[in-house]
Colleague: 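Let me give you the structure first, and then I'll get to my questions.
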Amino acid sequence: MASIPSNDVSENGHGNGNGPSPPRAKRPRAALISAAQIRDEFAHHDPAVARVNNGSFGCCPASVLEAQARWQRLFLAQPDAFYFDGLQPGLRRSRAAVAALVNAGDVSEISLVDNATTAAAIVLQHAAWSFAEGHFARGDAVLMLHYAYGAVKKSIQAYVARAGATVVEVPLPFPVTSPDAIITEFHAALAVAKAGGRKVRLAVIDHITSMPSVLIPVKELVAICRQEGVDKVFVDAAHSVGQVPVDVRDIGADFYTSNLHKWFFCPPAVAFLHTRKGGPITSQLHHPVVSHEYGNGLPMESGWIGTRDYSAQIVVPEAIHFVNRFEGGIEGIRSRNHEKVIEMGRMLAEAWGTFLGSPPVMCGSMAMVGMPCCLCIESDDDALRVRTMLRKDFKVEVPIYYNSRQVKVQEMAKDNNSDPVTGYVRISHQVYNVKEEYERLRDAVNKLVAEGFTSAKLRPAEKKHCDLVLP
């Protein structure tokens, strides 16, 4: 696990490290955390809610929140001293911790940003400039997965499509049976992107897709891009750190981003963008918010985008201390979360007569589980309305995914009654979760089925019908 540098580093002359000290006294390694201590660390969670959706917003233990509050008070007590003497050393410690965590070659390769969406904007902004300045030809291609995160898809449209790029999507199968199915579709889409001698300037590849959640064979796809002459590869790994092992040098992408507030116990909002050292593009990347550090390199630009709360970005070492209280550290947490989410997913699938949306090898700490066909989830709106009902009426928080029957690369998957499954829950497992929360989800859905509920009952009056045609 990462070793934390001392408090004597500065990259831009904003102090020599002798100003305000970070609120982290050196301490001996704590004993392994107990179940009672885990409950205490997350006692601020609403106890009435079965929270099986860590994936959307993550979680932050009380000890890390307390450290964040100390940093916030330090800033408020004397903002000038904090800015000149405390901020950059604090950010440098966090960047060094991240560099060690993901096996970056150097701390200079790590920039801290608010979230993976911001990191995507940095990369896509540069691609748009390349089109606008004539480095790329109009019509050159950008490749992305069909299940790319919605905000990233919109950023691709806002930046590169508007600048003249041809956007090609990889139509991924779901449910998915093996990594090979994804690799096959990626090869086919890449051939489309290169048709007519077109150059592929950028491939945007998810490490773990959000909805539906699937662990993508990212290293293999990056290697394919290298073999096929794709200029640059950006891995959107918003969910990866804390769910799966990450070695950015082994993966080999040009750009790699992951949130630290989703699965690594940091407060919102903090993420990192890794850029490979030495590449000519590194000095050309800029934060979308232009402030006083513009031109001093992306790590410094990202480290000051005006007056704001930087405390979430400074407490990464505290999050590392927290995970090291668990047996096996983050590796142990990942392993146990994976085992539990698969166990809970199989329990739900058996109760509902359905299946997991992907094999366990393609899951991290999240899993997709088919819902009973009789619920008649026939649109994204249906999925959202059922999700809202589960939250309000049953106190269960879980995302629901609508899998359109207009799937071009495969037939719809069927449940135990040979009926097509269109709705899936995405369950998460984190250290605070307990079996009873998944049982509450199971029982809520079973109650709806027993009562003859269909999502049509939640639709506006003019749309109250179920179009599902059973074979």
Side-chain angles (χ1 to χ4, degrees), residues 53 55-56 115-117 119-120 123-124 141-157 160-161 167-190 192-193 202-222 224-225 233-240 243-244 253 256-259 262 355-359 361-371 377 379-380 383-384 387 398-413 421-428:
N53 178 32
S56 288
N115 43 53
T117 305
V123 173
L124 296 170
V142 171
L143 189 69
M144 69 175 180
L145 306 188
H146 174 68
Y147 294 125
Y149 186 56
V152 174
K153 275 191 168 185
K154 290 185 177 181
S155 292
I156 288 172
Q157 293 299 322
V160 295
V167 179
V168 177
E169 290 193 11
V170 182
L172 299 180
F174 184 81
V176 63
T177 58
S178 74
D180 288 341
I182 293 174
I183 292 171
T184 297
E185 292 298 332
F186 192 83
H187 270 297
L190 190 52
V192 172
L202 178 68
V204 181
I205 303 171
D206 299 70
H207 198 157
I208 301 174
T209 55
S210 177
M211 286 288 272
S213 177
V214 177
L215 177 58
I216 302 296
V218 64
K219 181 179 176 181
E220 290 83 351
L221 299 190
V222 172
I224 291 169
C225 289
V233 182
F234 169 47
V235 174
D236 176 9
H239 284 274
S240 65
Q243 269 208 76
V244 293
Y256 187 101
T257 185
S258 185
N259 292 311
K262 282 188 181 290
F355 46 82
L356 297 182
S358 61
V361 71
M362 300 183 74
C363 300
S365 304
M366 298 191 295
M368 304 298 296
V369 186
M371 302 182 75
I377 295 174
S379 68
D380 292 332
L384 182 58
R387 174 182 181 175
V398 66
I400 298 177
Y401 171 68
Y402 165 61
N403 196 31
S404 169
R405 285 181 289 149
Q406 306 301 317
V407 179
K408 296 180 179 179
V409 297
Q410 68 183 131
E411 294 183 1
M412 292 298 296
V421 174
T422 56
Y424 294 77
V425 292
R426 186 193 75 186
I427 61 170
S428 302

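Bear in mind that the values here come from a model prediction, so they are computed numbers and not experimental data.
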Colleague: State, yes or no, whether a side-chain contact exists between Pro179 and Glu220 at a heavy-atom distance under 4.5 Å.
Modeller: no
Colleague: Nearest heavy-atom pair of Ala119 and Thr257: which atoms, and what distance?
Modeller: CB-OG1, 3.2 Å
Colleague: Distance alone, cut at 3.5 Å: any donor-acceptor contact between the side chains of Ser56 and Asn53?
Modeller: yes
Colleague: Provide the closest heavy-atom pair for Val160 versus Leu124 in the form atom of the first, atom of the second, distance.
Modeller: CG1-O, 3.7 Å
Colleague: Looking at side-chain heavy atoms only, is the closest gap between Ser210 and His239 below 4.5 Å?
Modeller: yes
Colleague: Tell me the closest heavy-atom pair linking Gly423 and Ile377, and the distance in Å.
Modeller: CA-CD1, 4.1 Å
Colleague: Hey, is the main chain of Leu145 close enough, under 3.5 Å, to the side chain of Lys153 for a donor-acceptor pair?
Modeller: no
Colleague: Okay, side chain of Ser428, backbone of Gly55: is any donor-acceptor separation there less than 3.5 Å?
Modeller: yes
Colleague: I'd like to check Leu215 versus His207 (side-chain heavy atoms, cut-off strictly below 4.5 Å). Are they in contact?
Modeller: yes
Colleague: Of the non-hydrogen atoms in Ile208 and Ser240, which two are nearest, and what is the gap between them?
Modeller: CD1-CA, 4.1 Å
Colleague: Can you confirm whether Ile400 sits close enough to Tyr402 that some side-chain heavy atom of one is under 4.5 Å from a side-chain heavy atom of the other?
Modeller: no
Colleague: In the structure I gave you, are the side-chain heavy atoms of Pro175 and Phe355 within less than 4.5 Å of one another anywhere?
Modeller: yes
Colleague: So do Pro217 and Ile182 actually touch side chain to side chain, heavy atoms under 4.5 Å?
Modeller: yes
Colleague: Within the supplied structure, the quantity of interest is the number of heavy atoms (other residues, nucleotides, ligands) at a distance under 6.0 Å from Tyr149 OH; does it exceed 12?
Modeller: no
Colleague: May I ask you to decide if the ring planes of Tyr147 and Phe174 are parallel, tilted or perpendicular, using 30° and 60° as cut-offs?
Modeller: perpendicular
Colleague: Under the side-chain contact (heavy atoms from CB on, under 4.5 Å) rule, what do Cys363 and Ser358 come out as? Steps first, then yes or no, please.
Modeller: CA-CA 7 Å; Cys363 300; Ser358 61; 3.4 Å; yes
Colleague: Looking at every heavy atom in both Leu143 and Ala193, which two are closest together, and how far apart are they?
Modeller: CD1-CB, 4.3 Å
Colleague: Please say which of Leu190, Val170, Val176 ends up in a side-chain contact (heavy atoms from CB on, under 4.5 Å) with Glu185.
Modeller: Val170
Colleague: Is there a side-chain contact between Val218 and Leu221, using heavy atoms and a 4.5 Å cut-off?
Modeller: no
Colleague: Looking at every non-hydrogen atom in both residues, tell me the closest pair between Ile205 and Cys225 and how far apart they are.
Modeller: CD1-SG, 4.1 Å
Colleague: With a 4.5 Å heavy-atom cut-off, do Leu172 and Val214 have their side chains touching?
Modeller: no
